[in-house]
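In what follows, a single structure is set out as structure tokens and then discussed.
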Amino acid sequence: MDWGALHTILGGVNKHSTSIGKIWLTVLFIFRIMILVVAAERVWGDEQDDFVCNTLQPGCKNVCYDHFFPISHIRLWALQLIFVSTPALLVAMHVAYRRHEKKRQFRKGGQKCEYKDIEEIRAQRFRIEGSLWWTYTSSIFFRLVFEAVFMYAFYFMYDGFQMPRLMKCSAWPCPNTVDCFVSRPTEKTVFTIFMIAVSSVCILLNVAELCYLLTKFFLRRSKKAGNAKHHPNHENKEETKQNEMNELISDSCQNTVIGFSS
Amino acid sequence: MNWAGLYTVLSGVNRHSTSIGRIWLSVIFIFRIMVLVVAAESVWGDEKSAFTCNTQQPGCNSVCYDHFFPISHIRLWALQLILVTTPALLVAMHVAYQQHQEKKLLVLTGHADPKHMEEVKKHKMRISGSLWWTYVCSVVFRLLFEAVFMYIFYMLYPGYQMVRLVKCEAYPCPNTVDCFISRPTEKTIFTVFMLVTSSICIVLNMAELVYLVVRACARRGQHNSNPPSGKGSFYGHKLSSEYKQNEINQLLTEQDGSLKDMLRRNPGLQEKGDRCSAC
């Protein structure tokens, strides 16, 4: 179970996302996860082995490393990426639930036989409206919250985004104050700034997606209100005709199902 | 065979689980197994090489490490995750057995075309009858394993916090020696994280158990008030009238006496309380 498996799981959600959501997913996988796995993990690979303190006192290096790096950048980013990608699963679960309901209706020979077979239900793309809209918006909101929380945690723990070359440590058992040197500080600074920048881009994409969804929602609402105001009778006639059609279809569907089973 | 292999095996079970079961499986794979593989293993990667004791006595380092870490956190979590996910295979085996029975039934009733066979494979089994008992047992075992491992953890490493310094007196260390653990804070953070997700999984399992029991009682109550109809296997559900069920039963009795035994032996193929005229 690794990043590849996460990609498989989330790839399925892609079908039901907005265009901005698809862009966000691409940015996440290519510019964050891939960079983390392919480059950043190597840079931080020797972070403790090459953390050198100017003392022979056993244990001083361990203690100083632990004091300055309570949790490694790499692990923080890994956790951030896992948490940020998981809200999309809420949408996946909701879509799966809707599909399940439609399959149940189809099997019972429901009112509208609009699907030729179950495969069509499986392949169908759902529109983001109704309760799915709320689930989708909540998932984007959670993504934003997690991104912001991790950015703040990062800033709080490491006092800014730059990696210093030298740290002065006076934790026990180090005698007095000891100079400790971090391995590859510049390279680490470069990657930290890169990951923060991409994180900000993802936050912007999420905000844009949220605005897009809200705008679409309000536009749709005003269109519905406009239609209802201007064509109330017309709407009723349409409804009656649709009901008649539905009845006819459901009767024929019932016969088809019974015919099939016998 | 690695975590990805386990994921493949268990995703098949997903289809026949309740919604809570699916959430539980997602939590296990994303928040526990994935975090273990992607993050926690690298934190504990240098636990022995960076375990430093304030002595030059050969062997002291190894002995003290072994004394304080009889089994590493990572290995304990890996064992816990394997044992906790395996009861789901009981359900998978039972479902496979039921599907096999349904296919046999189809062959005997003359519906053995590839399309119907495929449908048997694809359709979701209702969690009722003997499958309900298997499912409930698997959830109980999951709970048991989670609890046992949480207890083992507590016994081996009382408290969740990883200390920076441990004092060791085991032979051959001279007197008392200070030993320093690598990355204690990061280890504490991940220990807390794994404990929290473990507790969430325990809560989900209990909720699933309660849900299953309540659903079974509700279904029983409904059965007592309504007369039973020919529900049970997939095709029994389609041909829903009792008359049709009785016809099938007669056919089956005529065709194969052993099938009658099979139906009698496997009440999961028929809903409880069904009247079977030919059996």
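The analysis underlying the following values was restricted to heavy atoms, covering all of them including side chains, and did not include hydrogens, waters or symmetry mates. Residue numbering restarts at 1 for every chain, and letters A, B, ... go by the order of the sequence lines.
Only the backbone of B/Cys53 has a heavy atom closer than 4.5 Å to any heavy atom of chain A. Contact annotation for B/Ile181: only backbone heavy atoms (N, CA, C, O) come within less than 4.5 Å of a heavy atom of chain A. For chain A, the nearby part of B/Asp46 is the side chain; its heavy atoms alone come within less than 4.5 Å. Heavy atoms of B/Ser42 lying under 4.5 Å from chain A belong to its backbone as well as its side chain.
Within the 4.5 Å cutoff, the side chain of B/Glu186 has heavy atoms near those of the A/Ser72 side chain. Between B/Phe180 and A/Pro173, the closest side-chain pair of non-hydrogen atoms falls below 4.5 Å. Using a 4.5 Å cut-off on side-chain heavy atoms (C-beta onward), A/Phe69 and B/Arg183 make no contact.
Remark: side-chain polar atoms of A/Gln48 are not paired, donor with acceptor, to backbone N or O of B/Ala50 under 3.5 angstrom.
Scanning for salt bridge (charged side-chain N to carboxylate O under 4.0 Å, His left out) contacts around A/Asp179 gives A/Lys168, with sequence neighbours left out. For B/Pro184, the side chain to side chain contact (heavy atoms under 4.5 Å, CB included) test picks out A/Asp66, B/Met162, B/Arg164, with sequence neighbours left out.
Other residues, nucleotides and ligands contribute only 12 or fewer heavy atoms inside 6.0 Å of the CG atom of A/Leu56. The environment of B/Arg215 atom CZ is dense: over 12 non-hydrogen atoms of other residues, nucleotides or ligands sit within 6.0 angstrom. By the neighbour-count criterion of 12 heavy atoms within 6.0 Å, atom CZ of A/Phe31 is sparsely surrounded, having that number or fewer from other residues, nucleotides or ligands. The number of heavy-atom neighbours closer than 6.0 Å to CZ of A/Phe181, taken from other residues, nucleotides and ligands shown, is above 12. No more than 12 heavy-atom neighbours from other residues, nucleotides or ligands sit within 6.0 angstrom of CE on A/Met34. With a 6.0 Å radius and a threshold of 12 heavy atoms from other residues, nucleotides or ligands, A/Trp172 has its CH2 atom above the threshold.
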Margin query: Please determine whether side-chain contact (heavy atoms from CB on, under 4.5 Å) holds for the pair B/Val37 and A/Trp3, giving the CA-CA distance in whole Å, both sets of side-chain angles, and the decisive distance to 0.1 Å.
Written below: CA-CA 10 Å; B/Val37 169; A/Trp3 297 113; over 6 Å; no
Review point. Going through the checks in order, is the side-chain contact (heavy atoms from CB on, under 4.5 Å) test met by B/Ile23 and A/Met93?
Key: CA-CA 9 Å; B/Ile23 296 172; A/Met93 284 193 259; 3.9 Å; yes
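B/Ile30 contributes atom CD1, which lies 6.0 Å from atom CG of A/Leu6 (distance to the nearest 0.5 angstrom).
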Distance-only donor-acceptor pairs under 3.5 Å for side chains of residues 139-146 of chain A, two or more places apart:
residue  : atom : partner  : partner atom : Å
A/Ser139 : OG   : A/Tyr136 : O            : 2.7
A/Arg143 : NH1  : A/Asn206 : OD1          : 3.0

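Scanning all heavy atoms of the two residues, the minimum distance from A/Pro58 to B/Asn54 falls at CG-OD1, 3.2 Å. Minimum heavy-atom separation, B/Thr52 to A/Gly59: CG2-N, 4.2 Å.
Heavy-atom neighbours of chain B within the stretch residues 74-86 of chain A, taken at a separation under 4.5 angstrom, comprise A/Arg75, A/Ala78, A/Leu79, A/Ile82, A/Phe83, A/Thr86.
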